[in-house]
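Worksheet: one structure, shown below.
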Amino acid sequence: MRPFARPLLASLIVLAYAGSAHADSYSVDNLTLFSGTAATSADEVLRQNASRYGLPAGLNNLGLVKVQESLTGKHYHYQQMLRGLPVDRAEIIVSIGKNGQLQKIFNETRHISDKVDASAVNQLYNQAQISEDQALDKAWSNMKVQHPLVAAPSSELVWVPTKDGVQLARKVRIEAQMPTGGFVQYLNAHDGTVIGSYSTSLPRRGKRSLDARAELAGPVLDRRAATKAVNDNLAARPRLSAQAGAVATATPSGINGSGYAFDPDPRTVLNTDALTDTSSASAFDAAYSTKTLRDLTVTSGVYKLSGPFVNIKDIESPNTAPSTTSNGVWTAKRGNDAFDDTNVYFHLDQSQRYIQSLGFTGTKSIINRPLDVDTNGVNGDDNSHYSGGSAGSDYLAFGHGCVNDSEDADVILHEYGHGIQANIDSSWSGGDTGAMGEGFGDYWAASYSYSTPNGKIYHPEWAFSWDGHGACWDGRLLNRTDAKYNSSKTYGAHQSVTEGGVSFQSDELWSAPLYQSMVALIAAGKPRANIDQIILEAHFGLGSNIKMPAMATAIVNTAKTLFPSDLTYANTFQAKFEAQNILSSVVSGPTISEVESNNTTATAQAITTAGTTVNGTMSASTDVDYYKVVLPTGKTLALTLTPNASSDYDLELYNSAGTKVASSTNGTGAADSLSYGTAGTLYAKVIYYGGGTGATSGKYTLKASW
């Protein structure tokens, strides 16, 4: 959507009154924010909002699976169940502030009608199902697993939401070393066909898909032999804890060592573009810093780079043992694996201690544990990745192609950024999370680099200042303010996007407003710590399928919650998100009622003011409602149709010639959104697909902005 231009004073006024004491709520995609609403308990909140979200009054299809604490409150995660099985990634999260006020509700549950329930019974009890072994074999073959496993494969029966209901599926998770990597696959439980998948290995560049794996040649490992090998390896490890699901923690040893590091990278330290991977060794001498390596493990006089927050170990090929010393002093420089070890240990350990300094400690911790890291992995490729999994089985691995990735703090901290998000939100997937994950990783690295002595003067707009922007690869940029968001699209990781004649990477669309906000706020005298605290805190209380507008809204709202007396933070984030069209400056417009008859283009009801919300009714299953908009030149029309929780209505857009130019057909209870940027007379059409009708059960809203 293309926002209206709005004077900064107007923005300040809008945000200044946004925190008023009266009870209110507003929704952006699957996120609803509340103000002035007391909350006695999360269960009571859900009971009061059951009809709003299409939940049964008794909440008998929900199970509380996690209570998570953050700086501003507690977040209650409920899993939706159907016939004893989880509806995959269908959760509703209630966030209650420390002051007892309801902060927000994040909802990805699905309305289960009698028809959907009957279909579920048929699938579960009457239709034939593939076995767990068959599912594992099919998923293994789909991935063409060619590298050793890092965890035992798993399979569970789940319901996968579809437009018309739910599909019984085998959810198979296979985690292998790169470049095979990890994938979650959803296989039709009846015939084994793939109905969806996503990668759990998140590299700093390059696309990963199941289709790409299927095209590879070469031998595939035997599944049973590979599974036995990884199980034997896991059995040989020390137990983390007698408590199921517990994550290992380490007590600081108090024994420090020292070693060389690039802080943040040799080009930035020396403020020169002249350095390349093939520069002489002496050209780097002035770039090294001697750093304290804190809380090391010492066993029988051997110092290991294993501490309370980082554990350097060999995980992936090539098989190279972590470096050790007999005195705690590492003197290796680039070209030696021991330097990669000390550089990575220093930066990750420092980043975790910084996170804790922001208040994320104890029950509010984020990766406050020894994270396994392989500084020479990825099968030697010029890439790095975070491998997701349950807390305690995830890890980082860095490749050595061209410039060693472990020489650049930007790469190290970017990958740590993936871990940060996954450890706050274990459901981080779907929606725009691909691009937002990469963009946040770039931001997390840039936030640190910008704080170093030359960070503001040596290409501060570059992500991967040493590893990228040279012969190895092009890197990415943090200042792509010309990249504009299109609400009708979904932004995955590392996608090439063209919008309005401007080409950019999807990752840059998200990193730009974060980075630009940081630069503006620091220039205004605000501490970097406050900015990072806002962005980290905003991730709590969210689940899967988040899109950029919802995440941006969460950040702006968190800024107001953490710094209510200084709206500079919220206003700056708001302005930067508006500049990329991620948020609209249209805060509110008129609300009108649908006027029948409007079932043809000739009788279409006119919407004349941007930001208008129409309260409409689908009177019967044969009803269609048309709305007419005359779109000015240079504007983009954004339409959002929100049905009632138990209904599925679809949205189409036609031009004056009667040609359909855009459409959205999401499922029951889900909003449909589209955008269109060609001036002229346009007709929005609301269509019944399923669910309720009439004055009580047929309600919907249609919002039109341009």
Side-chain angles (χ1 to χ4, degrees), residues 14-15 18-19 24-35 37 45 68-77 91-98 101-108 358-360 364 366 417 420-437 439-440 443-444 485 487 491 509-515 517-518 521 530-564 567 569-578 580-584 587 640 671 673:
V14 167
L15 287 174
D24 197 7
S25 69
Y26 69 97
S27 299
V28 178
D29 298 328
N30 45 11
L31 177 67
T32 302
L33 301 177
F34 295 82
S35 63
T37 303
V45 166
Q68 192 175 26
E69 189 176 0
S70 70
L71 302 181
T72 62
K74 288 187 177 180
H75 313 275
Y76 299 83
H77 294 242
E91 59 182 337
I92 189 165
I93 306 168
V94 178
S95 297
I96 299 177
K98 292 180 178 180
Q101 296 287 302
L102 177 60
Q103 293 179 331
K104 60 191 176 189
I105 296 178
F106 177 88
N107 180 51
E108 268 293 292
L358 303 179
F360 298 98
K364 300 181 285 292
I366 307 170
I420 289 170
Q421 288 181 313
N423 279 264
I424 296 175
D425 179 0
S426 59
S427 300
W428 185 262
S429 59
D432 294 333
T433 58
M436 288 194 295
F440 170 76
Y443 167 79
W444 191 248
Y485 181 77
S487 62
Y491 294 88
L509 176 60
W510 186 247
S511 63
L514 299 183
Y515 173 76
S517 295
M518 179 193 72
L521 286 166
N530 290 354
I531 304 162
D532 288 342
Q533 187 186 65
I534 290 167
I535 294 173
L536 291 179
E537 174 67 14
H539 283 80
F540 286 87
L542 302 176
S544 63
N545 294 320
I546 311 162
K547 300 204 75 179
M548 290 187 188
M551 188 75 239
T553 299
I555 290 173
V556 172
N557 190 63
T558 300
K560 290 186 286 187
T561 302
L562 286 175
F563 300 97
L567 290 176
Y569 293 101
N571 288 328
T572 300
F573 278 114
Q574 176 80 26
K576 299 306 180 183
F577 285 126
E578 286 180 9
Q580 314 272 166
N581 290 359
I582 294 171
L583 291 182
S584 172
V587 176
T640 300
S673 297

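Everything numeric here is computed off the predicted structure, so don't read it as measured data.
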Considering non-hydrogen atoms only, spot the tightest contact between [X] and [Y] and give its length.
| X | Y | value |
| --- | --- | --- |
| Pro549 | Leu583 | O-CD2, 3.6 Å |
| Ala550 | Asp29 | N-OD2, 3.9 Å |
| Leu542 | Ala554 | CD1-CB, 4.4 Å |
| Ala538 | Lys104 | O-NZ, 4.0 Å |
| Ile424 | Leu536 | CD1-O, 3.9 Å |
| Gln533 | Leu358 | NE2-O, 2.8 Å |

Any heavy-atom pair between the side chains of [Y] and [X] that's under 4.5 Å?
| X | Y | answer |
| --- | --- | --- |
| Phe573 | Ile535 | yes |
| Ile531 | Ser517 | no |
| Phe440 | Ile420 | yes |
| Ser25 | Thr37 | no |
| Met436 | Lys547 | no |
| Trp428 | Ile546 | yes |

Side chain to side chain donor-acceptor pair (under 3.5 Å) with Ser70: of His539, His75, Lys364, only one passes, and it is His75

Hey, does the side chain of [X] reach the backbone of [Y] with a donor-acceptor pair shorter than 3.5 angstrom?
| X | Y | value |
| --- | --- | --- |
| Asp425 | Ser427 | yes |
| Glu91 | Gly543 | no |
| Asn30 | Glu108 | no |
| Asn557 | Leu33 | no |
| Gln68 | Gly541 | no |

Starting from the C-alpha separation in whole Å, work towards a yes-or-no answer on side-chain contact (heavy atoms from CB on, under 4.5 Å) for Thr72 and Lys98.
CA-CA 6 Å; Thr72 62; Lys98 292 180 178 180; 6.0 Å; no

Hey, what do you get for [atom1] ([X]) to [atom2] ([Y]), rounding to the nearest 0.5 Å?
| X | Y | atom1 | atom2 | result |
| --- | --- | --- | --- | --- |
| Ser511 | Trp444 | OG | CH2 | 15.5 Å |
| Ser27 | Phe34 | OG | CZ | 7.0 Å |
| Ile534 | Lys560 | CD1 | NZ | 12.0 Å |
| Asn545 | Ser429 | CG | OG | 6.5 Å |
| Tyr26 | Thr32 | OH | OG1 | 10.0 Å |
| Ser584 | Gln574 | OG | CD | 9.0 Å |

Decide side-chain contact (heavy atoms from CB on, under 4.5 Å) for Tyr569 and Leu562; before the verdict, give the C-alpha distance in whole Å, the side-chain angles of both, and the deciding distance to 0.1 Å.
CA-CA 9 Å; Tyr569 293 101; Leu562 286 175; over 6 Å; no

Assess the side chains of Thr561 and Gln103: does a donor N or O sit below 3.5 Å from an acceptor N or O?
no

Go through Leu514 and Ile555 one step at a time and tell me if the side-chain contact (heavy atoms from CB on, under 4.5 Å) criterion holds.
CA-CA 10 Å; Leu514 299 183; Ile555 290 173; 3.9 Å; yes

Could you walk me through whether Phe577 and Trp510 pass the ring-ring contact (aromatic ring centres under 6.0 Å, His included) check?
CA-CA 9 Å; Phe577 285 126; Trp510 186 247; 5.4 Å; yes

Step-by-step side-chain contact (heavy atoms from CB on, under 4.5 Å) determination, Lys576 to Tyr515
CA-CA 9 Å; Lys576 299 306 180 183; Tyr515 173 76; over 6 Å; no

How about Tyr485 and Tyr491: are their ring centroids closer than 6.0 Å?
yes

